[in-house]
There are 2 protein chains.
Amino acid sequence: MATRPMYEVIRADLVEQITTGALSSETRLPSEKELAEQYSVSRMTVRQALDALERDRLVVRRRGSGTFVAPQRVRSRRLNRLGPFRDDVAGNVDAVTTIELRREVLKPPSDIAKVLGLGASDEAVQLVRLRTVDDTPAAVQDSWIPCAVAPGLVRSNLIDGSLYRTLAERCGVAVSWADQEITASPATKELARWLDVRVNAPLIEAHRTTHDEAGRTVEYACSWTRPEFPFVVRLDA
Amino acid sequence: MATRPMYEVIRADLVEQITTGALSSETRLPSEKELAEQYSVSRMTVRQALDALERDRLVVRRRGSGTFVAPQRVRSRRLNRLGPFRDDVAGNVDAVTTIELRREVLKPPSDIAKVLGLGASDEAVQLVRLRTVDDTPAAVQDSWIPCAVAPGLVRSNLIDGSLYRTLAERCGVAVSWADQEITASPATKELARWLDVRVNAPLIEAHRTTHDEAGRTVEYACSWTRPEFPFVVRLDA
DNA sequence: GAGTGGTCTAGACCACATG
DNA sequence: ATGTGGTCTAGACCACTCA
């Protein structure tokens with residue numbers, strides 16, 4: 001049986017009530033004690049669910065007072081997510097396409113080899129893609145994946161254009177998190193042609209190091225994104 | 001007495017052991033049961049500490065196997081932090097200075113008023129600062145803070161050039177988190193002069209909405225940063 | 001003073017990894 | 001078979017908020 005932990009069930013239940021508006025902004029949730037009774041679990045289990053909601057900013061806890069649904073403008077899908085390119089684009093878009101510009105196996109330049117933790121003779125797959133959103137070219141992504149991580153990748157068709165889905169479903173590699181450096185750079189002649197902008201037009205340049213659950217580096221990627229498609233991140237104190 | 005919770009004590013203790021190398025990369029930590037005995041607490045308390053370390057990627061847990069110190073390259077100070085500008089700059093720099101370009105009270109433009117949740121007649125403090133790092137101009141920050149949030153701000157000298165420290169220590173406002181949109185834009189003539197770059201040179205443009213613990217919006221800020229000072233963020237699956 | 005969330009206990013059973 | 005982390009219990013005391 002696909003028995004999820006109770007705190008996940010409670011969490012999902014509360015998320016639904018909040019997003020559908022059954023529990024509206026600023027209203028108080030039942031107390032932890034009451035929720036424990038409602039779901040027939042102990043209070044510690046309820047707290048596991050509420051901890052997750054608090055981390056996602058769906059609720060605000062006030063000691064001595066209660067747990068409240070966060071203000072409307074403050075709630076949103078979880079941010080800082082590593083996911084399919086489609087999810088990186090702010091707002092809802094349906095028409096995301098992928099054009100593969102290049103895929104081959106080669107020895108990466110030494111700086112990239114170092115980031116990937118590869119020896120001098122280890123090879124990697126280079127995958128360059130152009131992503132478009134609603135027929136507008138949005139980003140060029142240049143990814144390097146060690147062959148040792150995903151041996152079959154160079155021969156796999158990308159599922160839905162998504163590298164991460166392909167790694168997960170065809171190569172058994174689950175990407176888990178990444179560090180990303182974001183800066184700005186002028187479009188080169190080549191990028192300008194792909195992205196349909198003028199040479200030297202400002203682009204969002206990002207360098208990403210992607211890891212699996214154990215901390216192994218599974219990808220290094222550079223991307224250049226048109227400024228109409230900003231990156232959204234959440235920061236904590 | 002400044003009695004911190006035990007899980008904070010344990011967490012700080014383990015962080016120290018990891019960062020000093022007393023517990024080196026890839027080594028196994030004592031099991032949760034052993035840690036509970038060492039610190040004379042229950043296992044649930046140990047788990048609260050380990051949960052935090054796992055969130056910060058300092059350790060990796062493997063069910064059935066143990067909890068391990070994360071690989072070296074994967075550890076770093078916590079990212080996605082909202083903090084003094086000094087902390088936003090990658091690497092260690094000492095010489096951060098602040099030049100105040102403008103500070104005044106006025107009715108914000110309607111789009112900013114909307115973000116701040118202000119009515120048509122509510123006023124805000126506009127604060128424009130130039131930040132330099134090691135004598136290099138690094139960023140221009142244009143912040144708007146509702147007068148209702150920080151009535152005394154317009155007359156307060158900034159503590160150490162830091163708006164957030166000033167809000168905390170002089171106005172009793174603790175900023176807690178922010179959403180930030182990051183894109184790229186060409187330097188205007190004015191920005192080019194302040195940041196010592198050519199007109200139309202690419203800059204990192206960010207729009208930040210800052211909140212306190214209760215979710216109240218306490219600041220809206222736009223910033224333009226030279227590309228030598230990239231933003232670093234961490235993403236999760 | 002009554003109710004809330006924050007911390008903590010001393011157990012328990014389970015799924016999973018390893019020898 | 002043993003030990004690990006994942007989940008959960010049924011309590012407890014505390015600090016805090018609010019009526």
Side-chain angles (χ1 to χ4, degrees), chain A residues 1-14 18 23 26-70 172 174 176 212-216 237, chain B residues 1-14 18 23 26-70 172 174 176 212-216 237:
Chain A
M1 51 183 177
T3 174
R4 285 190 305 166
M6 270 308 291
Y7 68 85
E8 275 297 345
V9 173
I10 298 171
R11 177 189 134 112
D13 201 5
L14 292 174
I18 291 172
L23 282 169
E26 311 280 9
T27 59
R28 222 200 71 185
L29 271 65
S31 73
E32 297 180 351
K33 185 162 167 290
E34 286 167 340
L35 286 170
E37 285 161 9
Q38 280 179 34
Y39 289 97
S40 301
V41 297
S42 76
R43 196 179 142 217
M44 288 300 279
T45 302
V46 167
R47 282 184 62 77
Q48 269 184 280
L50 291 180
D51 285 348
L53 293 183
E54 187 181 33
R55 275 197 299 278
D56 292 346
R57 310 284 180 197
L58 284 174
V59 303
V60 175
R61 278 163 155 165
R62 298 193 198 116
R63 172 170 10 191
S65 166
T67 301
F68 299 81
V69 179
S176 173
D212 65 9
E213 282 134 23
R216 191 171 55 141
Chain B
M1 49 184 179
T3 175
R4 285 189 306 166
M6 270 309 291
Y7 68 85
E8 276 296 346
V9 173
I10 298 170
R11 176 189 135 112
D13 201 5
L14 292 174
I18 291 172
L23 283 169
E26 311 281 8
T27 60
R28 222 200 72 187
L29 271 65
S31 74
E32 298 180 350
K33 188 162 163 291
E34 286 167 340
L35 287 170
E37 285 161 9
Q38 280 179 32
Y39 289 98
S40 299
V41 297
S42 77
R43 196 178 143 218
M44 287 301 278
T45 302
V46 167
R47 282 183 62 78
Q48 268 183 283
L50 291 179
D51 285 347
L53 293 183
E54 187 182 35
R55 275 198 300 277
D56 292 347
R57 311 284 182 198
L58 284 174
V59 302
V60 175
R61 278 163 156 165
R62 296 192 199 117
R63 170 165 19 186
S65 168
T67 302
F68 299 81
V69 178
S176 171
D212 65 10
E213 281 135 24
R216 189 172 57 142

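Quick note on labels: first sequence line is chain A, next is B, and so on, each numbered from 1.
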Which of these nucleotides, [options], is closest to any side-chain atom of [X]?
| X | options | answer |
| --- | --- | --- |
| B/Gln48 | C/dT9, D/dT4, C/dT7 | C/dT7 |
| B/Arg61 | C/dG6, C/dC8, D/dG5 | D/dG5 |
| A/Arg43 | D/dC8, C/dT4, C/dG6 | C/dG6 |
| B/Arg63 | D/dG5, C/dG5, D/dT9 | D/dG5 |
| B/Thr67 | C/dT4, D/dG5, C/dT7 | D/dG5 |
| B/Ser42 | C/dC8, D/dT9, C/dG6 | C/dC8 |
| B/Glu32 | C/dT4, D/dT9, D/dG5 | D/dG5 |
| B/Ser65 | C/dT4, C/dA17, D/dC8 | C/dA17 |

Start at the 5' end of DNA chain D and walk down; is the nucleotide closest to A/Gly64 or to B/Glu34 reached first? B/Glu34
Nearest heavy atom decides the nucleotide; on that basis, is A/Met6 or B/Arg62 closer to the 5' end of DNA chain D? B/Arg62
Give the minimum heavy-atom separation between B/Asp212 and B/Ser176, together with the two atoms involved. C-CB, 3.6 Å
Taking every non-hydrogen atom, the tightest pair across A/Leu58 and A/Ile18: O-CD1, 4.2 Å
Could you give the [atom1]-to-[atom2] distance, from [X] to [N], as a whole number of Å?
| X | N | atom1 | atom2 | value |
| --- | --- | --- | --- | --- |
| B/Met44 | D/dT7 | CE | P | 10 Å |
| B/Tyr39 | C/dT9 | OH | P | 14 Å |
| A/Phe68 | D/dC16 | CZ | P | 17 Å |
| B/Leu29 | D/dG3 | CG | P | 19 Å |
| A/Arg4 | D/dC8 | CZ | C1' | 17 Å |
| A/Glu37 | D/dT9 | CD | C1' | 15 Å |
| A/Glu213 | D/dG5 | CD | P | 17 Å |
| B/Glu54 | D/dG6 | CD | P | 6 Å |

With the threshold set at 4.0 Å, does a side-chain nitrogen-carboxylate oxygen contact exist between B/Arg61 and B/Asp51? yes
Test your reading of the model: is there a side-chain donor-acceptor pair from B/Glu8 to the backbone of B/Pro5, 3.5 Å cut-off? no
For B/Arg47, which contact category applies under a 4.0 Å heavy-atom criterion: base, sugar-phosphate, or nothing? base
Does A/Val41 reach the side chain of A/Ile10, with side-chain heavy atoms less than 4.5 Å apart? yes
So, does B/Tyr7 get its side chain near the phosphate of C/dT7, meaning an N or O under 4.0 Å from OP1 or OP2? yes
With a 4.0 Å cutoff (strictly under), does any side-chain N or O of A/Thr45 reach OP1 or OP2 of D/dC8? no
Just one of A/Glu32, A/Gln38, A/Glu37 clears the side-chain contact (heavy atoms from CB on, under 4.5 Å) bar with A/Leu35, so which one? A/Gln38
